[in-house]
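Structure first, then comments.
What you see is a predicted model; the values in this text were computed from it and never measured.
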Amino acid sequence: MSPVYDRSRLVELFGDDPATLAEIEREFLDTARSAEREIRGTDDLQVIARAAHRVKGSSGMIGADALSAVAAAVEKAAKAHDLSAVRQLDETLRHEVAKVASLISDRG
């Protein structure tokens with residue numbers, strides 16, 4: 001089982017400066033939470049697909065693989081015009097964002 005969040009990926013990309021890593025983590029959480037609100041707040045499947053794509057990419061970059069996989073599933077459902085599937089995945093997406101946020105806040 002992979003970790004919720006693998007900070008070593010950020011260290012590989014940006015070095016081990018705590019201030020830099022903390023800033024990237026804050027930006028990631030802002031992006032993820034904003035995308036969550038967008039996805040919950042609209043039925044526009046194009047908007048949902050773009051928001052999910054942002055989360056997929058940013059979570060993949062920081063090593064939050066489970067979150068990246070859920071975001072990919074949301075993006076795929078939105079592109080397939082399956083709003084019902086998007087709504088079914090919404091709680092899982094929120095849960096994964098919360099898990100990563102909790103881990104990041106525990107480090108801070």
Side-chain angles (χ1 to χ4, degrees):
M1 177 179 231
S2 64
V4 171
Y5 164 54
D6 182 1
R7 196 178 208 206
S8 68
R9 288 201 200 163
L10 279 185
V11 172
E12 287 174 20
L13 292 171
F14 300 101
D16 200 14
D17 176 55
T20 299
L21 297 176
E23 177 62 25
I24 293 166
E25 290 168 336
R26 275 191 301 276
E27 289 176 14
F28 164 76
L29 288 176
D30 288 347
T31 297
R33 289 174 175 151
S34 173
E36 259 188 300
R37 286 188 298 274
E38 279 183 73
I39 290 166
R40 272 195 319 265
T42 187
D43 290 339
D44 184 325
L45 292 165
Q46 289 181 335
V47 170
I48 291 168
R50 284 192 302 269
H53 184 81
R54 283 194 315 273
V55 174
K56 178 181 75 173
S58 62
S59 58
M61 181 188 77
I62 71 159
D65 293 337
L67 176 55
S68 184
V70 173
V74 171
E75 181 183 19
K76 182 178 178 180
K79 287 182 175 181
H81 305 286
D82 190 348
L83 186 58
S84 175
V86 168
R87 295 300 173 230
Q88 289 174 0
L89 291 163
D90 185 52
E91 185 61 33
T92 304
L93 182 72
R94 283 191 276 181
H95 180 71
E96 288 300 323
V97 169
K99 284 172 34 179
V100 174
S102 176
L103 190 60
I104 288 172
S105 70
D106 286 348
R107 291 175 196 255

If you take all heavy atoms of I39 and A51, which pair is closest and at what distance?
CG1-CB, 3.8 Å
Output all residues satisfying salt bridge (charged side-chain N to carboxylate O under 4.0 Å, His left out) with K76, sequence neighbours left out; order by chain, then residue number.
none
Measure from the side-chain N and O atoms of S58 to the backbone N and O of R54, and report whether any donor-acceptor pair falls under 3.5 Å.
yes
Got a second to check how far L10's CG is from F28's CZ, nearest 0.5 Å?
9.5 Å
One pair to check against side-chain contact (heavy atoms from CB on, under 4.5 Å): D65 and R9. What are the steps and the verdict?
CA-CA 11 Å; D65 293 337; R9 288 201 200 163; 2.7 Å; yes
Any ion pair linking D16 and R7 (charged N to carboxylate O, less than 4.0 Å)?
no
Got a donor-acceptor contact below 3.5 angstrom from the S105 side chain to the S102 backbone?
yes
To the nearest 0.5 Å, what is the distance between OG1 on T20 and CD on E25?
11.0 Å
Using side chain to side chain donor-acceptor pair (under 3.5 Å) as the criterion, list what pairs up with R40, not counting sequence neighbours.
none
Could you tell me if the side chain of Y5 sits less than 4.5 Å from the side chain of L67, heavy atoms only?
no
Between R26 and D30, is there a side-chain N and carboxylate O pair less than 4.0 Å apart?
no
If you define the side chain from C-beta out and look only at heavy atoms, does anything of M61 sit under 4.5 Å from I24?
yes
Value for CD1 (I62) from CG (D6), rounded to nearest 0.5 Å, stands at 9.5 Å
Report, one line per pair, each donor and acceptor closer than 3.5 Å where one atom sits in a side chain of residues 43-50; sequence neighbours left out.
{"unit_1": "D43", "atom_1": "OD1", "unit_2": "R87", "atom_2": "NH2", "d": "3.0"}
{"unit_1": "D44", "atom_1": "OD1", "unit_2": "Q46", "atom_2": "N", "d": "2.9"}
{"unit_1": "D44", "atom_1": "OD1", "unit_2": "V47", "atom_2": "N", "d": "3.2"}

Closest non-hydrogen atoms of V86 and A77, given as atom of the first, atom of the second and distance, are CG2-CB, 3.8 Å
Side chain S68, main chain S59, donor-acceptor under 3.5 Å
no
Between S84 and D82: side-chain donor-acceptor atoms closer than 3.5 Å:
no
Quick one: does E36's side chain get under 4.5 Å of V55's, heavy atoms only?
no
What's the shortest heavy-atom distance between E96 and A66, and which atoms?
OE1-CB, 3.5 Å
Exercise: identify the closest heavy-atom pair between A72 and K56
CB-CD, 3.6 Å
